[in-house]
Novice: 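Quick one: this structure, given as structure tokens, is what I'll be asking you about.
Numbering of ligands and ligand atoms starts at 1, following listing order. Since the structure is predicted, the reported quantities are computational estimates derived from the model, not experimental observations. No hydrogens, no waters, no symmetry mates; every other heavy atom, side chains included, goes into these values. Position 1 is the first residue of the sequence, and the numbers go up from there.
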Amino acid sequence: MKRRDHRRKLIAGNWKMNGLLAEAMQFVADLKENPAPEHVEVALMPPYTLLHPLHDALEEKGIRLGAQNVYFESKGAFTGSISAMMLRDAGCHYVILGHSERRNIMGETDKVEKAKLAAAWSAGLEPILCIGESLEQRKAGETNQHLHRQLQVLKDAPDNAPLTVAYEPIWAIGTGLTPTPEQIVETHAYIHEVLGDLNIDCRVLYGGSANPDNAKDILSCRGVEGLLVGGASLKAESFSRMIAAAADVAGSNS
Ligand code: PGA
């Protein structure tokens, strides 16, 4: 695996199933001219329908485009599915894989995630692989064991394959709850350790109820190299404040 510039924080907005064309255009218009400062990378993952319409406007503002999912087959009779090459064709750099909503609501398994990773890499996309424990698993002391298992999909990852991992505790997603800084530091350290054992050096994001008020504290936790932001990425004002928080933290670390 290629060594990444870990100091460059990534702020990635996951719009989930939100956003119509007019709202998306308003979002971009409301963003500052150059919202991505030095040391901060910014990305947005709108729904498929907004990938093409948003591409040029985001590129102009230095924001990378990503998708929220992909199908693992490359083409053919798979009605309703979108391939990795189609995402590349729409100008995507990133694709989110293994989000807990896809695992829990759509029943995606680690086997499916592994096939999607391979598809993403073969099309030149950078996957953002989401992992995270349920509240029951955390309470039972099974967090590390669960994360370790989820990370095994990376076992045969090709050398130099682009990759970001996002730690998203399921109980923190959309709930307003976040782990304590100690829990974040501890869990990120464990994830980096498992990645190290797999000979993978990649950026690890935090996700789950990150917002403009807690962004700086979370980004200051050791081992946190960016945020995957759901609800707070839907408005340009709150998303911009989170980018500014990342710039502050990156600046004070440089
Ligand atoms: P949230 O979602 O920020 O709304 O909690 C994060 C995510 O699911 O990626």
Novice: When you compare the side chains of Gln68 and His99, does any donor N or O come within less than 3.5 Å of an acceptor on the partner?
Specialist: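 Absent: no donor and acceptor within the cut-off.
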Novice: Which of the numbered atoms in ligand 1 are under 4.0 angstrom from any heavy atom belonging to Gly208?
Specialist: 5 (O)
Novice: First locate atom CG of Leu54, then atom NE2 of His52, and finally report the distance between them rounded to the nearest 0.5 Å.
Specialist: 11.5 Å
Novice: Run through Lys139, Arg138, Glu136 and flag the one making a side chain to side chain contact (heavy atoms under 4.5 Å, CB included) with Trp171.
Specialist: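 Testing Trp171 for a side chain to side chain contact (heavy atoms under 4.5 Å, CB included) against Lys139, Arg138, Glu136 leaves exactly one candidate, Arg138.
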Novice: When you measure from atom 7 (C) of ligand 1 to every protein heavy atom, which one gives the shortest distance, and what is it?
Specialist: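 In this structure, atom 7 (C) of ligand 1 has Glu168 OE2, 3.2 Å as its nearest protein heavy atom.
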Novice: Find all atoms of ligand 1 within a distance of less than 4.0 Å from any non-hydrogen atom belonging to His99, and give their numbers and elements.
Specialist: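 Counting from 1, the qualifying ligand atoms are 7 (C), 8 (O), 9 (O).
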Novice: Please confirm whether Thr175 comes within less than 3.5 Å of ligand 1 when only nitrogen or oxygen atoms on both sides are compared.
Specialist: no
Novice: Applying a strict 4.0 Å limit to heavy atoms, is Gly207 in contact with ligand 1?
Specialist: no
Novice: Does Ala232 have a heavy atom less than 4.0 Å from any atom of ligand 1?
Specialist: no
Novice: If you have a sec, work out which protein heavy atom is nearest atom 4 (O) of ligand 1 and how many Å separate them, to one decimal?
Specialist: Gly231 N, 2.9 Å
Novice: Enter the distance from Leu154:CG to Ile200:CD1 here, rounded to the nearest 0.5 Å.
Specialist: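 That separation rounds to 4.5 Å.
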Novice: Counting N and O atoms only, with roles assigned by atom type, does the side chain of Lys61 sit under 3.5 Å from a partner on the main chain of Val28, one being a donor and the other an acceptor?
Specialist: yes
Novice: If you measure only the distance, is there a donor-acceptor pair under 3.5 Å linking the side chains of His146 and Glu133?
Specialist: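 Looking only at side-chain atoms, Glu133 and His146 do not form any donor-acceptor pair under 3.5 Å.
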